[in-house]
Amino acid sequence: MDTPIRPSLRDLPAVDAVLKTPSGQLAIARFGRLPVTQAVRGALDEVRARLLAGKLASLPTPDHVALAATSALEGAARASLAPLFNLTGTVLHTNLGRALLAEEAVAAATAAMRSAVALEFDLSTGTRGERDDHVRDLLIELTGAEDATVVNNNAAAVLLVLNTLGLGKEAIVSRGELIEIGGAFRMPDIMARAGVRLIEVGTTNRTHARDYEGALTPETGLVLKVHTSNYRIEGFTKEVSARELASIAGARGVPLVNDLGSGTLVDLARIGLAHEPTVREAVAEGADLVTFSGDKLLGGPQTGFIVGRKDLIAKVNRNPMKRALRVDKIRLAALEATLKLYRDPDRLAARLPTLRLLARTRDELRAVAERLTAPVAARLGPGFTVEVADCTSQIGSGALPLETLASAALAIRPAGDASGGALNGLATRLRGLPVPVIGRVNEGALLLDLRCLEDEAGFLASLDALGAAP
Ligand SMILES: *Cc1c(COP(=O)(O)O)cnc(C)c1O
């Protein structure tokens, strides 16, 4: 009787032999000799480990090893930060990168990346210029403020303003406005890091003018009003309007800062949404400084704005922390292009993706869903049913938290008596596609909200890759 021939470590292909195979040579042409050599060693290590564990009946050929190394290199070459389809129904999804930029902004950012630009250089005089010069006048024009500056994001804007006006002093805030934005951005913690003593006034649901008046002392550096952007306190409530606060603080010579959060430069009622206070309104109400985000409703790159009184902006600009919070030329170029679109409000909703997506109606989205039902069902196979379903989208990033947008989705359910696990399995496979598709599971269905889907052909092409996976 023959003894079975067990593969032996000694017969493993040598690295050189693997590199010499046609597949090895092809891999070297694509990825370079050093990465391929390392990947081949990795693949051989794996074979060795499986051999020692008794999990391998026969040895791989050198060509097999080269192919394994190639697929490892292909996986590593795939960008981690690559496009995906956001079908969650949340338009400004912080975890998915918030606003999509206008083509004008993309072009401006790309040009700035490739080339030298007059970032801090005055072309007319040939002398040093300022970074803010590229957007200051636009921000003044669009908000009605005296002056403006730009930093990394709105969290940075708030931190910088608190530190500039309140270092070693007190800031008065209503207990109803001590927000957490998510992650570690909690107003009391930011205050502490800015070196400001927080003076809470009023109660969670009611704060009166006399609460602020009683807290104002020579130690007060600022009064802060925070737009409660991600929640609403309803019922027996009282808050002091920004206008009234401006006069209370102003009478004592203390600046009022209004953190608007999302902030918008246009009245959202124009596209059928609820009215969200515009930056221009906040400035007109008498706030000395207003802070807001660039990548929420404004629809631009991640940035934060501080607009308001000229003398206070000058003080902010003299703060040494400003340098640590500034934006680079790429974002500044994208921002300038985005802000310029606001000069033409009639075409804004067509050109600015954030507003365009928010403005899509349920009828329009139902039509998309109807077009896609059959082709998506064909790609998912007989294990799933696909139907058009009404759903609601949300703006996201804390803007208008109670406002939902009537939308339409593809509702995918397991066919017959397949288990709920099938749906999670499908969600996982969709996330694993070359262009991942992210939906949301709701009451036994995987919902693909179509509000943010504009490239229908690309979406179907991505689903084509489902066939390959089990
Ligand atoms: C979102 C938000 C912030 C933080 O802005 P980022 O742009 O995310 O840094 C601060 N304050 C309020 C009220 C917000 O809604």
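Predicted model, so just to flag it, every value in this text is computed and none were measured. Atoms within a ligand are numbered from 1 in the order they appear, just like the ligands themselves.
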With the threshold set at 4.0 Å, does a side-chain nitrogen-carboxylate oxygen contact exist between E387 and R413?
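A salt bridge links E387 with R413.
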K296 to ligand 1: N or O pair under 3.5 Å?
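Min N/O separation from ligand 1 is below 3.5 Å for K296.
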Go through ligand 1 atom by atom and flag the ones less than 4.0 Å from a non-hydrogen atom of [X].
| X | result |
| --- | --- |
| A155 | 4 (C), 5 (O), 6 (P), 9 (O) |
| S293 | 5 (O), 6 (P), 7 (O) |
| H227 | 13 (C) |

Against ligand 1, does V158 come closer than 4.0 Å with any heavy atom?
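Per 4.0 Å heavy-atom rule, V158 does not contact ligand 1.
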Any R98 heavy atom less than 4.0 Å to ligand 1:
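Flag set, R98 near ligand 1.
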Stepwise, does the side chain to side chain donor-acceptor pair (under 3.5 Å) test hold for D132 with T149?
CA-CA 6 Å; D132 283 340; T149 187; 2.4 Å; yes
Out of curiosity, E141 CD to K340 NZ, how far, rounded to the nearest 0.5 Å?
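Answer rounded to 0.5 Å: 10.0 Å.
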Using the test salt bridge (Lys or Arg N to Asp or Glu O under 4.0 Å), find all partners of R136 that sit at least two apart in sequence or belong to another chain.
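Partners of R136 under the salt bridge (Lys or Arg N to Asp or Glu O under 4.0 Å) test: E130, D133, D147.
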Result block: side-chain N/O donor-acceptor pairs under 3.5 angstrom for residues 300-312, not counting sequence neighbours:
{"residue": "Q302", "atom": "NE2", "partner": "N152", "partner atom": "O", "Å": "3.2"}
{"residue": "Q302", "atom": "NE2", "partner": "N152", "partner atom": "OD1", "Å": "3.3"}
{"residue": "T303", "atom": "OG1", "partner": "P301", "partner atom": "O", "Å": "2.9"}
{"residue": "R309", "atom": "NE", "partner": "D311", "partner atom": "OD1", "Å": "3.0"}
{"residue": "R309", "atom": "NH1", "partner": "D288", "partner atom": "OD1", "Å": "3.0"}
{"residue": "R309", "atom": "NH2", "partner": "D311", "partner atom": "OD2", "Å": "2.8"}

